[in-house]
Amino acid sequence: MNTFYLKVVSSRRIFFEGECKQLVLPIAEDGLKGFLAHHENVVAPIEFGEMKITPADGEEIYAFIGSGFVEFFDNTANVVCISCQRPEEIDRARAEEAKERAQEMLRQQHSIFEYHQSQMDLSRAMERLKIKSRHDI
């Protein structure tokens, strides 16, 4: 079986560690990018979005992933990110509140930096809600 070793580390925990068949990540500039066994060596930045892991011995795992980077070297992938949450771990009310706060900040007149920060906050909250809704059990 063609597998590779994967370790996903967020700022709070080790999210996943073990053999897997496939990894799909939201890569900056490329959009979604898939990794299979024996992928070419690469280091790439990750944007926030949806990650999909296909373990060697189980069901697919979907998760919201915050920004970070992926390193694939010698049939081993290491993902380091700010946050990583399964859909059932996402607090819908908290994500809705973050969305509301970001929308309010966008309505107010602020500096260009604060405007772009609010746009990113809104996008992140909406992505969490989208993943929660798509995989809601």
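Residue indices begin at 1 and follow the sequence shown.
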Quiz prompt | From CA spacing to verdict: side chain to side chain contact (heavy atoms under 4.5 Å, CB included), I90, I131 | solution = CA-CA 9 Å; I90 296 172; I131 292 169; 4.3 Å; yes
Exercise. Would you please test L129 and R92 for side chain to side chain contact (heavy atoms under 4.5 Å, CB included) and show each step?
Key: CA-CA 7 Å; L129 290 169; R92 185 182 300 277; 3.9 Å; yes
Quiz prompt | Validation row: R101, E104 side chains within 4.5 angstrom (heavy atoms) | solution = no
Exercise. Check the pair R94, E97 against salt bridge (Lys or Arg N to Asp or Glu O under 4.0 Å), reporting the backbone distance first and the verdict last.
Key: CA-CA 5 Å; R94 186 171 173 218; E97 288 171 9; over 6 Å; no
Quiz prompt | Smallest separation among heavy atoms of E89 and Q85, with atom names | solution = OE1-CA, 3.4 Å
Exercise. Kindly say whether A93 contributes a backbone atom to a donor-acceptor pair with the side chain of D91 at under 3.5 angstrom?
Key: yes
Quiz item: Should I46 and F15 be regarded as members of a common hydrophobic cluster, given that ILVMFWY residues are connected when their side-chain heavy atoms come within less than 4.5 Å of each other, either directly or indirectly?
Solution: yes
Quiz item: Can you name the nearest heavy-atom pair linking I61 to R86, along with the distance?
Solution: CG2-NH1, 3.6 Å
Quiz prompt | Closest approach of A102 to S118 (non-hydrogen atoms, all atoms of both residues) | solution = CB-O, 3.7 Å
Practice problem: Determine yes or no for a side-chain-to-main-chain donor-acceptor pair under 3.5 angstrom, with K132 supplying the side chain and P87 the backbone. | Solution: yes
Self-check item: Those residues that, when tested against K130, pass side chain to side chain donor-acceptor pair (under 3.5 Å) (two or more places apart)
Solution: E127
Quiz item: Are any side-chain N or O atoms of N75 and backbone N or O atoms of T3, one a donor and one an acceptor, separated by less than 3.5 Å?
Solution: yes
Quiz item: If two hydrophobic side chains count as joined below 4.5 Å and joins carry through other members, does M105 share a cluster with M120?
Solution: no
Quiz item: By the rule that ILVMFWY residues connect when side-chain heavy atoms come within less than 4.5 angstrom, directly or transitively, which residues belong alongside Y5?
Solution: none
Self-check item: side chain to side chain contact (heavy atoms under 4.5 Å, CB included) evaluation trace for M51 with V8
Solution: CA-CA 11 Å; M51 172 179 65; V8 179; 4.2 Å; yes
Practice problem: Search all heavy atoms of G66 against all heavy atoms of C81 and return the closest pair with its distance. | Solution: O-CB, 3.6 Å
Quiz item: To the nearest 0.5 Å, how far apart are NZ in K52 and CD in Q22?
Solution: 4.5 Å
Exercise. Determine whether more than 12 heavy atoms belonging to other residues, nucleotides or ligands lie under 6.0 Å from atom CZ of R12.
Key: no
Quiz item: Where the side chain of E114 meets the backbone of S111, is there a donor-acceptor pair that is under 3.5 Å apart?
Solution: yes
Practice problem: Output the distance between atom CD (E17) and atom CG (L6), rounded to the nearest 0.5 Å. | Solution: 9.0 Å
Quiz item: Rounded to the nearest 0.5 Å, what separation is found between the CZ atom of F72 and the CG atom of L23?
Solution: 8.5 Å
Practice problem: Examine distances only and state if a side-chain atom of R124 and a backbone atom of A95 form a donor-acceptor pair shorter than 3.5 Å. | Solution: no
Exercise. Examine F64 and V79 and state if one hydrophobic cluster contains both, with Ile, Leu, Val, Met, Phe, Trp and Tyr joined whenever side-chain heavy atoms are less than 4.5 Å apart.
Key: no
Quiz item: If every non-hydrogen atom of I27 is compared with every non-hydrogen atom of A44, which pair is closest and at what distance?
Solution: CG2-CB, 4.0 Å
Quiz item: With hydrophobic residues grouped by side-chain heavy-atom distances under 4.5 Å, do F48 and I65 end up in a single group?
Solution: no
Quiz item: Do L25 and F16 sit in the same hydrophobic cluster, where Ile, Leu, Val, Met, Phe, Trp and Tyr count as joined when their side-chain heavy atoms come under 4.5 Å apart?
Solution: yes
Practice problem: Report the distance from atom OG of S83 to atom CZ of R13, rounding to the nearest 0.5 Å. | Solution: 9.5 Å
Exercise. Give a yes or no answer on whether the side chain of S11 reaches the backbone of I82 with a donor-acceptor pair at less than 3.5 Å.
Key: yes
Quiz item: Is there a side-chain hydrogen bond (donor to acceptor under 3.5 Å, both in side chains) between E50 and H135 once you walk through the steps?
Solution: CA-CA 11 Å; E50 185 173 26; H135 302 286; 2.5 Å; yes
Practice problem: Give the C-alpha distance, both sets of side-chain angles, the deciding distance and a yes or no for side chain to side chain contact (heavy atoms under 4.5 Å, CB included) between V42 and F35. | Solution: CA-CA 10 Å; V42 67; F35 296 87; 3.6 Å; yes
Quiz item: Roughly how far, to the nearest 0.5 Å, is the OG1 atom of T54 from the CD atom of E19?
Solution: 13.5 Å
Quiz item: Going from CZ on F4 to SG on C20, what distance comes out if it is rounded to the nearest 0.5 angstrom?
Solution: 3.5 Å
Self-check item: Where K21 and L36 come nearest, the two heavy atoms and their spacing
Solution: O-CD2, 3.4 Å
